[in-house]
Amino acid sequence: MPELPEAETIVRGLASRLPGRTITGVHVKHADVLPGLTPAAFGRALRGRRFEAVERRAKKVVLRLDDGRRLVVNLGMTGGLVLSRSPRAAEATHVAVRLDLDDGEQLLYDDARRFGRLELLDPEGWERKHAALGAEPLADDFTGKVLFELTQRSRTPIRNWLLDQRRVAGVGNIYAAEALFRAGIDPARPAKTVTRRQATKLRDALRDVLAESIAARGTTISDFRDEQGEAGAFARWLRVYGREDEPCVKCGRPIVRAVLANRSSFFCRHCQR
DNA sequence: AACGCGCCCTGTCCGC
DNA sequence: TGCGGACAGGGCGCGT
């Protein structure tokens, strides 16, 4: 489900609401979302803590606490953070973890498939995690030159390359497909065959599609909801993802689905070379 | 050592 | 209507 724009949508929603509020209770319904931590230890660590800031790194929602630690939420495929007083909060039907807040509202971690994970990291642990992640595609220093140089050592298909979070962080299957379409690049092309000029086009396409999706509050295919439980609106602007056999918006030929590294890849054979 | 692959888990949809 | 199979936005651990 959530890639960078969806995580960013949740972060922006929570950033104006969470800081300053204190966790008064912790309820763990599905301990499998807490790797290496018992529910009791998780509860002890969080109870009494105040939220200080809400940030994003890659596809992760980072909730900074007043003791310097961070609750790092990896949303997996179907994870979401929803505030219980939102009109649509009742649609959070797979709540794995519930945090009670001092004003009586609750922050719900909802995740049907439970591929998501909640980690509690001290500053050093977070620094290690942060360092293991690649470039932020929306950062000022993510230039065409940087992307070009990063790609030149890898023979893996450029679509797979984009999904590797150690290189560029935050891009998933939807936005990889959309950016490659906009840049006119075949998803199966070995990364190192992308030219300098194409790298710049790809960089621009990535930033454009991610920014446009954030402006639309993310892509909801079926599961994604923001912190109020609302769907994102970007799905209608997708040009290739999920559009197998539909006409290409540029040339009218059918969009093709091919499997690369066990995951669907959508593209136009004519417009992407 | 850079890859691809299977798997984690639940829900939904499609063909029979 | 029921049932099996395919598929889904992610990412870890494994083997090669």
Side-chain angles (χ1 to χ4, degrees), chain A residues 1-10 29-36 56-61 72-81 91-97 109-119 128-130 132-134 137 150-181 187-193 206 209-210 212-214 216-226 231-245 257-266:
Chain A
M1 154 183 105
E3 305 182 30
L4 185 157
E6 292 73 35
E8 180 67 21
T9 297
I10 290 173
K29 190 166 175 196
H30 288 290
D32 48 0
V33 303
L34 307 176
R56 180 191 60 74
R57 172 73 167 112
K59 306 171 185 175
K60 301 174 195 304
V61 176
V72 178
V73 183
N74 185 328
L75 299 159
M77 290 279 256
T78 52
L81 288 164
E91 291 167 28
T93 50
H94 296 80
V95 175
V97 174
Y109 177 67
D110 187 66
D111 190 349
R113 292 175 73 179
R114 300 198 304 282
F115 283 177
R117 295 291 180 262
L118 274 55
E119 287 181 286
R128 259 179 275 125
K129 181 133 298 202
H130 173 75
L133 291 164
L150 285 171
T151 54
Q152 292 310 294
R153 288 179 153 246
S154 174
R155 293 171 296 104
T156 203
I158 185 68
R159 197 289 309 257
N160 301 356
W161 190 92
L162 285 169
L163 296 189
D164 187 335
Q165 301 299 297
R166 296 168 302 182
R167 292 152 170 164
V168 176
V171 180
N173 210 17
I174 293 179
Y175 301 106
E178 295 298 309
L180 288 167
F181 175 76
R189 282 254 307 276
K192 67 191 311 180
T193 69
L206 278 167
V209 73
L210 294 170
E212 288 168 28
S213 181
I214 290 168
R217 302 188 59 82
T219 298
T220 298
I221 305 292
S222 59
D223 298 293
F224 173 68
R225 297 292 183 275
D226 68 14
F234 195 68
R236 61 170 301 206
W237 301 106
L238 298 176
R239 300 179 192 171
V240 287
Y241 184 84
R243 297 190 68 242
E244 184 180 14
D245 296 335
R257 182 176 81 94
V259 176
L260 280 180
N262 275 337
R263 309 189 65 184
S264 292
S265 169
F266 298 91

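Every chain is numbered from 1, with letters handed out A, B, ... down the list of sequences.
A:N74 comes within 4.0 angstrom of the backbone, heavy atoms only, and of no base. Across all strands, A:P190 comes closer than 4.0 Å to no nucleic acid atom at all (heavy-atom distances). If you check every strand for non-hydrogen atoms under 4.0 Å, A:Y175 touches nothing. A:R166 comes within 4.0 angstrom of no nucleic acid atom, judged by non-hydrogen atoms across all strands. Nucleic acid contact for A:T220: base, since at least one base atom lies under 4.0 Å from a heavy atom of the residue. Residue contacts for A:D32: at a heavy-atom cut-off of 4.0 Å it reaches no nucleic acid atom on any strand shown. Residue-level contact check: A:S222 touches the bases, meaning some heavy atom is under 4.0 Å from a base atom.
In this model, the phosphate group of B:dG11 is approached by a side-chain N or O of A:H94 to a distance below 4.0 Å at OP1 or OP2. Listed pair A:N173 / C:dG10 fails the phosphate criterion, with no side-chain N or O lying under 4.0 Å from OP1 or OP2. Neither OP1 nor OP2 of B:dC3 sits under 4.0 Å from any side-chain N or O of A:N160. Note on A:T78: every side-chain N or O is 4.0 Å or more away from OP1 and OP2 of B:dT10. In terms of phosphate contacts, A:K59 brings a side-chain nitrogen or oxygen within less than 4.0 Å of OP1 or OP2 of C:dG10. Between A:R117 and the phosphate of C:dG11, there is no side-chain N or O to OP1/OP2 separation shorter than 4.0 Å.
For A:E3, the side-chain atoms get nearest to C:dG9 when compared with the rest of B:dG11, B:dC3, C:dG9. Of the candidates B:dG4, B:dC3, C:dG9, C:dG9 carries the atom nearest the A:F224 side chain, counting heavy atoms from C-beta on. In the set B:dT10, C:dC7, B:dG4, the nucleotide with an atom closest to the side chain of A:R114 is B:dT10.
At whole-Å resolution of the value, CZ in A:R155 and C1' in B:dA2 are 7 Å apart. Between A:I174 atom CD1 and C:dC7 atom P there is a gap of 17 Å when expressed in whole angstrom units. Following rounding to the nearest Å, A:N262 (CG) and C:dC14 (P) show an atom-to-atom distance of 18 Å. In this entry the distance linking CZ of A:R159 with P of C:dG10 reads 10 Å, nearest Å. For A:M77 and C:dA6, the CE to P distance is 17 Å, given to the nearest whole Å. Atom CZ in A:R263 sits about 13 Å away from atom C1' in B:dC5, given to the nearest Å. Atom pair A:D111:CG and B:dG11:C1' shows a separation of 12 Å (rounding to whole Å applied).
Other residues, nucleotides and ligands contribute at most 12 non-hydrogen atoms within 6.0 Å of the NZ atom of A:K29.
Using modelled atom types, no side-chain atom of A:S213 and backbone atom of A:L210 make a donor-acceptor pair closer than 3.5 Å.
Put simply, the side chain of A:S265 does not reach to within 4.5 Å of the side chain of A:V259, judged on heavy atoms. Two residues are said to be in side-chain contact when any heavy atoms from C-beta on lie closer than 4.5 Å; A:L163 and A:R263 meet this criterion.
Atom CG of A:L81 and atom CG of A:D226 lie 11.0 Å apart (nearest 0.5 Å).
With a cut-off of 3.5 Å on both Watson-Crick or G-U wobble distances, the partner of B:dG11 is given as C:dC7.
Stacking of the aromatic ring of A:F115 onto the base of B:dC9 is not found under the criterion of centres within 5.5 Å and planes under 30°.
Looking at every heavy atom in both residues, A:E3 comes nearest to A:G172 through OE1-N, 2.7 Å.
The gap from the C1' atom of B:dG6 to that of C:dA6 amounts to 16 Å, rounded to the nearest Å.
The nearest heavy atom of DNA chain C to A:K129 and to A:V259 marks one nucleotide each, and the one closer to the 5' end goes with A:V259.
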